[in-house]
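Structure record follows, encoded as structure tokens.
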Amino acid sequence: MKKCFLVALLLPFGTFSFGADKTPDQSVLIRTEDEEMVSAIARAQASLDDFLRIDKTRPFGASGFKLKVRISDGNGIEHMWVTPFEQTSIGFVGTLADTPDYVKSVVYGQTITFGRADITDWGYSQNGKQKGSFTVCVIFKHMPIAEVEKYRRDYGFEC
């Protein structure tokens, strides 16, 4: 059986969430070997240092800084948003901003600690436009067009 990504799911799939901040919590199941998702995560990880520098300076018009974190337990794997967050001397700590669908080891609003390797995306809003959120752009390809257009219109996604 093939493994997948998403905002949690049993071993064959992973789940991805894109509901941090004011966006409604939403999960989509995507295969772990999905090339576009693997590429989106690699892009997010490669640009993480740039994002962390922007987070420290908080330019005018920037808000909603968040990290997407891979969380797994015996029930599955979920990729969920964490906001607010802060970098520590040994990793990161932050507040889980999504409600898990499959993973039972964490709950919405819980403070969690995680390492850099657990980060699968990042995002923020700059003057009403979403920056980062690379995995969200992949998730959109698995959703109804009308729903995607609403997210683009209401939350400034440009992918």
Side-chain angles (χ1 to χ4, degrees), residues 2-21 23 25-59 62-73 75-103 105-106 108 110-126 129-143 148 151-152 155-159:
K2 294 184 178 184
K3 293 187 179 181
C4 299
F5 286 115
L6 205 58
V7 167
L9 202 53
L10 296 173
L11 299 178
F13 292 91
T15 328
F16 286 87
S17 179
F18 61 99
D21 301 334
T23 310
D25 189 8
Q26 177 121 175
S27 302
V28 177
L29 179 65
I30 299 175
R31 295 195 173 283
T32 52
E33 61 277 335
D34 181 279
E35 290 181 24
E36 288 181 287
M37 187 59 77
V38 169
S39 178
I41 291 170
R43 187 173 173 200
Q45 290 174 336
S47 57
L48 182 58
D49 287 332
D50 294 332
F51 167 74
L52 293 172
R53 278 191 288 279
I54 294 167
D55 176 55
K56 284 183 182 176
T57 62
R58 298 283 173 121
S63 63
F65 288 81
K66 59 192 178 240
L67 293 171
K68 187 177 281 186
V69 178
R70 180 183 50 251
I71 301 171
S72 62
D73 65 16
N75 298 297
I77 302 167
E78 293 193 55
H79 299 254
M80 295 177 277
W81 292 108
V82 173
T83 185
F85 67 90
E86 64 181 65
Q87 196 166 6
T88 68
S89 61
I90 58 169
F92 296 84
V93 63
T95 303
L96 189 62
D98 288 315
T99 301
D101 290 327
Y102 302 96
V103 173
S105 58
V106 295
Y108 173 85
Q110 180 178 336
T111 299
I112 63 170
T113 58
F114 52 96
R116 184 181 184 96
D118 299 314
I119 298 171
T120 58
D121 205 350
W122 55 262
Y124 67 99
S125 178
Q126 177 71 49
K129 301 293 180 189
Q130 292 293 318
K131 303 298 178 186
S133 298
F134 306 108
T135 61
V136 173
C137 294
V138 177
I139 291 169
F140 281 169
K141 294 178 181 184
H142 299 269
M143 293 174 56
V148 171
Y151 280 99
R152 287 182 173 155
Y155 303 107
F157 287 99
E158 299 180 302
C159 48

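Because only heavy atoms are used, hydrogens play no part in the values below, and waters and symmetry mates are left out as well, while side chains stay in.
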Quiz item: Under 4.0 Å between a Lys/Arg side-chain N and an Asp/Glu carboxylate O for Arg53 and Asp50?
Solution: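 Result for this pair is yes, salt bridge flagged.
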Quiz item: In terms of side-chain geometry, is the basic nitrogen of Arg116 or Asp49 positioned less than 4.0 Å from the acidic oxygen of its partner?
Solution: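 Salt bridge: yes.
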Could you pull out the closest heavy-atom pair between [X] and [Y], with the gap in Å?
X      : Y      : value
Asp73  : Ser105 : OD2-N, 2.9 Å
Ser133 : Lys66  : OG-CE, 4.1 Å
Phe51  : Gly123 : CE1-O, 3.6 Å
Phe134 : Ser47  : CE1-OG, 3.8 Å
Phe92  : Gly115 : CD1-C, 4.3 Å
Leu48  : Ile119 : CD2-CD1, 3.8 Å

Self-check item: Reported CH2-to-CG distance for the pair Trp81 and Leu67, which is rounded to 0.5 angstrom
Solution: 8.0 Å
Exercise. Determine, using ring centers only, whether Trp122 and Phe65 are less than 6.0 Å apart.
Key: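 No.
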Exercise. Ignoring hydrogens and angles, tell me if any N or O in the side chain of Thr88 forms a donor-acceptor pair with the backbone of Gly91 under 3.5 Å.
Key: yes
Quiz item: Which of these, His79, Arg43, Met37, Glu36, sits in a side chain to side chain contact (heavy atoms under 4.5 Å, CB included) with Thr135?
Solution: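 Result for side chain to side chain contact (heavy atoms under 4.5 Å, CB included) with Thr135: Met37.
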